[in-house]
Amino acid sequence: MRVTKKLLLGSVAVTAALALTACAPTAEAPSGEASDGGGPAEVTVGIVTSESGPLAGYGKQYLDAFNAGLDYATDGTGEIDGTTIAVENRDDAGDPDKAVTAVKELIGEGVNIIAGTASSGVALAVAEQAEQNKVLYISGPAAADAITGINDYTFRSGRQSAQDVATAGTFLEDIEGKTVTVFAQDNAFGQGNVAAVEAILGGQGATVNSVLVAEDVTEFTPFAQQVLAGAPDLVFVAWAGATSGAMWQAMSQQGALDEIPVVTGLGDSATFGAYGEASEKINFLNHYFPGAPDNDVNTAMIEAIEEAGGTPDLFSPDGFNAAIMIVHAIKEGQGDVDAMVSALEGFEFEGPKGTMTVRAGDHALIQEMYQAKLVAQDGTFVPELVDTVSADDVAPAEAK
């Protein structure tokens with residue numbers, strides 16, 4: 001039986017000691033003094049994420065929300081029971097090598113809690129360091145399924161790809177016996193999506209096939225016709241890059257969006273105008289947009305981010321959740337890394353998306369997902385909630 005732990009905001013007492021393995025020196029609190037609660041006077045959390053490079057926008061969303069979440073979880077004080085929580089940010093620029101260097105430096109300074117990362121490649125590299133050095137690591141927006149269950153020290157504060165794919169399947173009332181076509185680029189990204197759909201929706205009884213397009217193709221009409229000719233019950237589109245607009249135009253002009261339910265992921269607000277004439281015909285699976293959840297935590301997060309001059313977006317919950325998880329881990333773990341890990345396993349809390357559960361067995365973050373659509377409004381497109389998909393219905397298979 002999983003033991004559920006609730007976060008009691010406003011009455012938590014945070015204590016911590018900084019413990020490291022032989023790979024780095026042990027360290028006491030920077031002040032060398034104890035707080036009123038018996039823990040160190042100050043605990044430093046290292047945030048390693050993209051502040052520059054191609055994923056800088058995702059990094060900003062995460063950082064803005066993390067700051068809001070830390071303020072929320074500490075009742076606006078930045079400290080708990082005399083223990084100050086300091087935050088040290090490092091830019092990984094989306095580069096695993098740069099991230100590893102930053103993490104090693106932080107560990108060498110006595111930091112034993114690391115969080116962040118928008119890139120899956122970075123997250124996997126940092127997870128390896130977490131295991132080697134026995135420090136707590138809470139990954140951010142990075143979605144690769146391989147992060148879940150990778151080791152005892154790694155958690156995640158956002159969703160993973162398997163939850164995206166499972167959400168796509170909810171656009172059909174019953175997936176068993178249906179045919180799903182994956183329309184994607186013929187590269188690692190596209191092939192990975194084919195494998196995920198085969199594993200998840202195929203595992204639910206669907207027949208999965210694919211139409212893969214070379215990356216240098218610029219004329220997509222024949223491929224849209226090929227998708228139509230297969231008469232699938234559902235089309236899952238996994239596409240990235242500069243050819244997205246032309247691809248969606250071809251799908252729309254060939255009538256694919258009128259004949260077959262076509263599903264893809266809804267990205268951050270910067271992408272809402274990228275679908276052209278296809279915008280209002282696409283079915284979108286979604287991790288988060290500000291209007292999707294309706295709860296007090298989401299309202300608090302949105303208000304805090306906007307008051308600080310930021311904009312809540314796709315990966316805001318990931319940063320906010322991470323702050324709540326870290327405060328809980330420090331409070332319960334008393335600074336011992338293994339105790340902090342134990343405190344997070346089975347932890348259930350209220351985040352911006354509602355009830356979140358850290359699955360004890362593999363550290364997957366079980367959470368609801370959304371069906372959405374884009375609607376025209378004042379010369380632009382805005383997301384609108386179609387349905388909320390329950391957390392249990394899209395929970396990934398437990399990593400072994």
N/O donor-acceptor pair under 3.5 Å between [X] side chain and [Y] backbone:
X	Y	result
T357	I366	no
Q367	L365	yes
S50	A56	no
T380	Q377	no
N283	P261	no
N151	A127	yes
D75	T77	no

Worksheet item: Please walk me through it: do M247 and V213 pass side chain to side chain contact (heavy atoms under 4.5 Å, CB included)?
Response: CA-CA 10 Å; M247 179 276 294; V213 183; over 6 Å; no
[X] to [Y] - nearest heavy-atom pair and separation:
X	Y	result
A65	S316	CB-O, 2.9 Å
P290	P312	CG-O, 3.5 Å
Y137	A130	CB-CB, 3.6 Å
P317	L314	CD-O, 3.6 Å
A162	P396	CB-CB, 3.8 Å
G351	N321	CA-OD1, 3.8 Å

Does [X] share a hydrophobic cluster with [Y], counting links as ILVMFWY side-chain heavy atoms below 4.5 Å and allowing steps through other members?
X	Y	result
I326	M356	yes
V227	V194	no
Y153	I330	yes
I324	I302	yes
V386	L234	no

Measuring from atom [atom1] of [X] to atom [atom2] of [Y], what distance do you get when rounded to the nearest 0.5 angstrom?
X	Y	atom1	atom2	value
D318	T49	CG	OG1	10.0 Å
L374	L266	CG	CG	5.5 Å
D71	N67	CG	CG	9.0 Å
I138	I113	CD1	CD1	7.5 Å
T154	E128	OG1	CD	10.5 Å
I114	L106	CD1	CG	4.5 Å

Residues forming a side-chain contact (heavy atoms from CB on, under 4.5 Å) with [X], sequence neighbours excluded:
X	answer
A195	none
D233	L172, K178, T179
T221	E219, Q225, A250, Q254
N295	P293, V297, N298

Worksheet item: Does anything in residues 279-310 pair up under ring-ring contact (aromatic ring centres under 6.0 Å, His included), and if so which pairs, sequence neighbours excluded?
Response: Y275-F284
Response to the item:
So the ring-ring contact (aromatic ring centres under 6.0 Å, His included) pairs with at least one residue in residues 354-396 (sequence neighbours excluded) are F155-H363
Item to complete: Output, in order, the C-alpha distance, side-chain angles, deciding distance and verdict of side chain to side chain contact (heavy atoms under 4.5 Å, CB included) for V382 and F272.
Response: CA-CA 7 Å; V382 296; F272 293 168; 5.8 Å; no
Discussion item. Could you check whether T170 and Q371, counting side-chain N and O atoms only, form a donor-acceptor pair closer than 3.5 Å?
Written reply: yes
Discussion item. Listing request: all side-chain hydrogen bond (donor to acceptor under 3.5 Å, both in side chains) pairs with a residue in residues 195-216, at least two apart in sequence or in separate chains.
Written reply: T181-N209, N187-E215
Item to complete: Determine which pairs satisfy side-chain hydrogen bond (donor to acceptor under 3.5 Å, both in side chains) with at least one residue from residues 240-251, sequence neighbours left out, and list them in order.
Response: W239-T243
Discussion item. For F315, give me all partners under ring pair (Phe, Tyr, Trp, His ring centres under 6.0 Å), at least two apart in sequence or on another chain.
Written reply: Y58
Worksheet item: Is the distance between the ring centroids of H328 and F347 under 6.0 Å?
Response: yes
Would you check if [X] and [Y] make a side-chain contact, meaning some heavy-atom pair closer than 4.5 Å?
X	Y	value
T311	I305	no
E350	T355	yes
V263	T167	no
L228	E259	yes
V126	S139	no

Discussion item. Taking the basic N atoms (NZ, or NE/NH1/NH2) and the acidic carboxylate oxygens, is any pair closer than 4.0 Å for E368 and K353?
Written reply: no
Worksheet item: Are L285 and F236 close enough, and set up right, to give a side chain to side chain contact (heavy atoms under 4.5 Å, CB included), and what steps lead you there?
Response: CA-CA 10 Å; L285 65 92; F236 180 80; 3.7 Å; yes
Worksheet, complete the sentence: Test side-chain contact (heavy atoms from CB on, under 4.5 Å), reference K98, set V122, D91, V103, output is D91
Kindly state each residue pair satisfying salt bridge (charged side-chain N to carboxylate O under 4.0 Å, His left out) with at least one member in [range], sequence neighbours excluded.
range	value
residues 271-292	D258-K281
residues 152-170	R159-D164
residues 287-310	none

Item to complete: For the pair L344 and L136, evaluate side chain to side chain contact (heavy atoms under 4.5 Å, CB included) and give the outcome as yes or no after the intermediate values.
Response: CA-CA 10 Å; L344 287 175; L136 175 64; 3.9 Å; yes
Worksheet item: Which word best sums up how the rings of Y62 and F66 line up, parallel for under 30°, tilted for 30 to 60°, or perpendicular for over 60°?
Response: parallel
